[in-house]
> 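My questions all concern the structure below.
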Amino acid sequence: MGVVTDIRSRSRSAKLAAGVSCEKAGRSGKTNVSLFWRIFSLNAAGLVVATALLLGPVTVSTPVLAGEALVLLAGLAALLAGNAVVLRIGLTPLHRLGRAMSTADLLVPGTRPEVSGPAEAAQLIATYNTMLDRLQAERAAGAGRALQAQERERHRIARELHDEVGQTLTAVLLQLKRVADRVPGELRDEVTLAQEATRAGLDEIRRIARRLRPGVLEELGLASALRSLAAEFTHHGLTVQHHIPGDLPPLAPEAELVLYRVAQEGLTNTARHADAARAALTLHPLPGDAGVELLVRDDGTGLGTAAEGAGIRGMRERALLIGAEIHFEPAPGGGTDVRLRVPAPPGDRCADRTGDSP
């Protein structure tokens with residue numbers, strides 16, 4: 001619940017920033033003039049000039065002389081050019097807004113369109129930015145509730161696998177051991193094979209339970225959990241190296257869980273789809289105590305032009321939940337980089353500001 005509150009706080013800050021930008025746009029000299037008054041003033045100026053010419057010494061003969069036609073065409077061209085310039089200047093922010101709307105993705109937080117242009121356009125862009133912030137906050141809140149429910153379900157399944165299925169297979173192993181001591185010699189090999197198959201199944205159940213519920217994360221901390229994860233994915237055909245210091249800055253439990261899950265999903269994608277021989281798992285603090293950065297790098301085939309699957313979108317949703325930035329980039333020399341930057345807990349910054357205030 002604390003995560004959702006943080007996201008809403010950021011949303012309110014974004015709305016306030018958008019309002020301030022809109023206010024600044026309204027205070028500036030040219031952008032305060034609305035599109036209606038720009039077009040109206042230009043058309044009114046053209047009509048006033050035309051009326052002044054008609055009331056003045058200038059006349060139009062019948063038939064129209066060449067010089068008179070030239071003056072009329074020049075005036076019409078000037079009026080059309082002025083209208084074109086005003087409309088181009090006034091509609092440019094709307095075109096920019098349209099491009100931003102066509103490329104907006106709630107899972108990929110990006111820069112908002114600049115609040116500029118005539119008053120109507122500035123107000124529309126500010127309203128769109130506020131709407132996008134609200135939708136992003138609601139999406140993050142919904143994703144947070146879904147992910148919390150998912151983690152609770154993971155824990156329940158892992159507990160049942162460990163307590164129910166694991167104990168049942170352990171009892172079967174003990175029974176098979178007693179049977180192996182009593183069966184004739186010609187059947188002992190078959191009982192031994194059944195024992196090995198049951199023991200392999202029990203190991204697989206335990207491995208699945210550990211992946212569903214990272215008990216080492218709760219008991220030993222993030223650094224030990226990531227080292228254990230790298231060792232788990234190191235098998236024949238894939239070597240996972242890890243560079244994880246022990247003196248990491250303090251992180252919220254939600255941030256540690258997101259870091260672990262993103263590393264787990266990144267290594268899972270590497271093992272299943274990347275056709276890689278080596279992978280690296282790196283976690284290091286950002287300069288200035290700004291947070292930490294997780295890097296999962298492999299030397300596989302890369303992302304290519306394939307559409308993002310459920311795994312990558314799940315990582316984006318987890319990053320959005322804690323206000324982190326995640327990027328999927330080509331690795332130097334081939335392969336893929338999954339880079340997750342987690343900001344420092346906002347509580348520490350708030351505490352610093354509170355200490356400075358009187």
Side-chain angles (χ1 to χ4, degrees), residues 1-14 106-109 136-155 210-230 242-269 280-297 311-328 337-353:
M1 296 301 294
V3 179
V4 176
T5 304
D6 293 341
I7 292 176
R8 290 178 179 172
S9 300
R10 289 194 297 273
S11 176
R12 286 195 294 269
S13 301
L106 296 180
L107 291 181
V108 186
Q136 185 174 331
E138 293 175 356
R139 174 76 179 258
R145 289 190 293 269
L147 290 176
Q148 288 174 3
Q150 185 184 62
E151 288 299 328
R152 288 195 297 269
E153 188 67 13
R154 282 172 176 262
H155 287 188
R210 284 196 304 270
R211 296 192 64 185
L212 286 173
R213 182 176 182 270
V216 65
L217 178 62
E218 300 174 357
E219 298 169 3
L220 301 179
L222 179 62
S224 298
L226 291 178
R227 295 189 189 103
S228 175
L229 187 66
H242 59 80
H243 306 279
I244 304 168
D247 53 344
L248 293 172
L251 295 170
E254 295 86 356
E256 291 186 349
L257 182 59
V258 168
L259 283 164
Y260 181 84
R261 291 300 187 194
V262 169
Q264 186 181 53
E265 184 65 32
L267 291 176
T268 300
N269 290 341
L281 182 63
T282 305
L283 181 67
H284 62 86
L286 294 173
D289 294 332
V292 297
E293 180 181 80
L294 173 72
L295 175 63
V296 182
R297 173 175 292 175
I312 292 181
R313 296 193 68 83
M315 286 190 278
R316 291 193 185 278
E317 288 184 351
R318 290 182 182 274
L320 183 63
L321 178 63
I322 59 173
E325 297 180 6
I326 188 167
H327 302 280
F328 302 90
D337 278 357
V338 179
R339 196 179 299 271
L340 176 69
R341 293 179 179 177
V342 179
D348 296 343
R349 299 174 185 175
C350 293
D352 294 341
R353 287 197 296 267

> Could you pull out the closest heavy-atom pair between Arg227 and Ile244, with the gap in Å?
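Taking Arg227 first and Ile244 second, the nearest heavy atoms are NH2-O, 2.9 Å.
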> Nearest 0.5 Å please: distance from the CZ atom of Arg261 over to the CD atom of Glu317.
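Reported value, rounded in 0.5 Å steps: 14.5 Å.
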> Go through it in stages, so that I can follow the logic: the residues are Leu340 and Glu325, the test is side chain to side chain contact (heavy atoms under 4.5 Å, CB included), and I'd like the CA-CA distance, side-chain angles, deciding distance and then a yes or no.
CA-CA 6 Å; Leu340 176 69; Glu325 297 180 6; over 6 Å; no
> I need the minimum non-hydrogen distance between Ala324 and Arg341, along with the two atoms involved.
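Nearest pair, atom of Ala324 first, then Arg341: CB-O, 3.1 Å.
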> How many angstroms lie between atom NE2 of His284 and atom CG of Leu286, to the nearest 0.5 angstrom?
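Taking NE2 in His284 and CG in Leu286, the distance rounds to 6.5 Å.
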> Would you confirm whether Arg339, through its side chain, and Phe328, through its main-chain N or O, come within 3.5 Å as a donor-acceptor pair?
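Pair absent, no side-chain N/O of Arg339 close to backbone of Phe328.
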> If you look at every heavy atom in Pro285 and Pro249, which pair is closest and at what distance?
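Heavy atoms only, the tightest pair is CB-CD, 3.9 Å.
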> Could you report the tightest heavy-atom contact between Ala263 and Val296, atom names first, then the distance?
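Looks like CA-CG2, 4.1 Å.
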> Once rounded to the nearest 0.5 Å, what's the spacing between atom CG of Asp337 and atom CG of Leu295?
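Rounded to the nearest 0.5 Å, the CG-CG separation comes out at 5.0 Å.
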> Hey, is the main chain of Gln264 close enough, under 3.5 Å, to the side chain of Thr268 for a donor-acceptor pair?
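Indeed, once roles are kept as given, a pair shorter than 3.5 Å links the two residues.
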> Among Leu294, Leu259, Val292, exactly one meets side-chain contact (heavy atoms from CB on, under 4.5 Å) together with Leu222. Which residue is that?
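Among Leu294, Leu259, Val292, the one meeting side-chain contact (heavy atoms from CB on, under 4.5 Å) with Leu222 is Leu259.
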> Out of curiosity, Leu226 CG to His242 NE2, how far, rounded to the nearest 0.5 Å?
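Leu226 atom CG to His242 atom NE2 measures 9.5 Å (nearest 0.5 Å).
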> Where do Val342 and Ile322 land on the side chain to side chain contact (heavy atoms under 4.5 Å, CB included) test, with the steps shown first?
CA-CA 8 Å; Val342 179; Ile322 59 173; 3.9 Å; yes
> Is there a side chain to side chain contact (heavy atoms under 4.5 Å, CB included) between Leu283 and Leu248? Walk through the geometry before answering.
CA-CA 9 Å; Leu283 181 67; Leu248 293 172; 3.4 Å; yes
